[in-house]
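Step one of this worksheet: look at the structure below.
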Amino acid sequence: MAERSISDKRRIVIAYDGTDDARKLFDWSIKNIVNPATDHVVLVSAQPRTGKTGGGERRSSLHMLSTTPTRVNEAIEQVNKEPCGDTIRAVLSSMAEQLRTARISSEQHILWGDPKDTLPKYTQKNAVDLLIVGSRGLGSIKSVLVGSVSDKCVHECPCPVLVVRNAVI
């Protein structure tokens, strides 16, 4: 049987925030959800953008930045300007290598800004069949005060969202 082209595969986005729990979520997803023959994995990491302003640091959101063939050098330059850009890119590359070894097609994107905003925007602007995110288990009061990335994704993403509790992985 001929291998499916990437455009014919189910696109599964796995959100990665740099934590050990997120790495466990990645490993769990590959073992339990992803089918190498039918799925294409999109690794995304949403990172807050920081900038210097007179008295200190500020956070500001920037539209998502992804690497396309025509803008790859510009994207790499943007990522290198961010303090965490090299680290996140290295981790995503390592994860992509693990996927290649398992014969799973993949791509990686770093989204700059608040994950509560950038993850739903990404799924709204791109073909996504499933978004997999972790849950920190903040509880109802903290979730209301701090806000939950997974809750916002469940309500704003046009695709199915799988929220995996850290306790199960």
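Note that the structure is predicted; figures quoted are calculated from it, not measured. Nothing fancy with the numbering, it's 1 onward along the sequence.
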| Checking side-chain contact (heavy atoms from CB on, under 4.5 Å) for the pair R89/Q108: CA distance, chi angles, key distance, verdict? | CA-CA 8 Å; R89 185 173 45 178; Q108 311 91 50; over 6 Å; no

| Mind checking what makes side-chain contact (heavy atoms from CB on, under 4.5 Å) contact with D8, not counting sequence neighbours? | R4, S5

| query | Looking only at heavy atoms, which two atoms of P120 and C157 are closest? And how far apart? | reply | CA-SG, 3.6 Å

| task | Can you see which heavy atom on L43 is nearest to which on A96, and at what distance? | result | CD1-N, 3.9 Å

| said: Can a donor-acceptor pair be found, under 3.5 Å and without considering hydrogens, that links the side chain of D129 to the backbone of I12? | reply: no

| field | Donor-acceptor contact below 3.5 Å, side chain Q124 vs main chain E156 | value | yes

| query | Mind checking whether K24 and N166 have side chains closer than 4.5 Å, heavy atoms only? | reply | no

| request: Mind checking the OG-NE2 spacing from S148 to H155? Nearest 0.5 Å is all I need. | output: 9.5 Å

| request: Enter the distance from S93:OG to I88:CD1 here, rounded to the nearest 0.5 Å. | output: 11.0 Å

| message | Go through it in stages, so that I can follow the logic: the residues are F26 and I14, the test is side-chain contact (heavy atoms from CB on, under 4.5 Å), and I'd like the CA-CA distance, side-chain angles, deciding distance and then a yes or no. | response | CA-CA 7 Å; F26 167 77; I14 301 174; 4.2 Å; yes

| task | Quick one: list whatever passes side-chain hydrogen bond (donor to acceptor under 3.5 Å, both in side chains) with K9, sequence neighbours left out. | result | none

| said: Could you work out, with side-chain hydrogen bond (donor to acceptor under 3.5 Å, both in side chains) as the rule, every residue matching S29, not counting sequence neighbours? | reply: none

| remark: dist L119:CG -> C153:SG (nearest 0.5 Å) comes out at 4.5 Å

| said: Under the rule for salt bridge (charged side-chain N to carboxylate O under 4.0 Å, His left out), what residues qualify as partners of D39, not counting sequence neighbours? | reply: R10

| said: Using a 3.5 Å distance criterion without hydrogens, assess whether the side chain of S106 forms a donor-acceptor pair with backbone atoms of V41. | reply: no

| said: Please report the interatomic distance CG(L162) to OG(S135), rounded to the nearest 0.5 Å. | reply: 11.0 Å

| field | Side chain D114, main chain K116, donor-acceptor under 3.5 Å | value | yes

| message | Pair Y122, V42 - check side-chain contact (heavy atoms from CB on, under 4.5 Å), show working. | response | CA-CA 11 Å; Y122 183 87; V42 181; 3.4 Å; yes

| query | Which atoms form the tightest heavy-atom contact between V164 and W28, and what is the distance? | reply | CG2-CZ3, 3.6 Å

| said: I need the T87 OG1 to L92 CG distance, nearest 0.5 Å. | reply: 11.0 Å

| Do you know the tightest heavy-atom contact between M95 and Y16? | CE-CD1, 3.8 Å

| request: Look up atom CD1 in I30 and atom CG in L99, then write down how far apart they are to the nearest 0.5 Å. | output: 4.5 Å

| request: Take K152 and D117 through the side-chain contact (heavy atoms from CB on, under 4.5 Å) test and state the conclusion after the steps. | output: CA-CA 8 Å; K152 188 137 186 209; D117 298 325; 3.1 Å; yes

| query | With a 4.5 Å limit on heavy-atom distance, are the side chains of P158 and T123 in contact? | reply | yes

| Considering all heavy atoms of both residues, which atom of I33 and which atom of I132 are nearest to each other, and what is their separation? | CG2-CD1, 4.1 Å

| request: Name all residues meeting the side-chain contact (heavy atoms from CB on, under 4.5 Å) criterion together with T19; count only those two or more places apart in sequence or in a different chain, and write none if there are none. | output: D17, D21, A22

| query | In chain order, what residues pass the side-chain hydrogen bond (donor to acceptor under 3.5 Å, both in side chains) check against D27, with sequence neighbours excluded? | reply | Q98

| field | Heavy-atom closest pair, residues A46 and T118 | value | CB-OG1, 3.3 Å

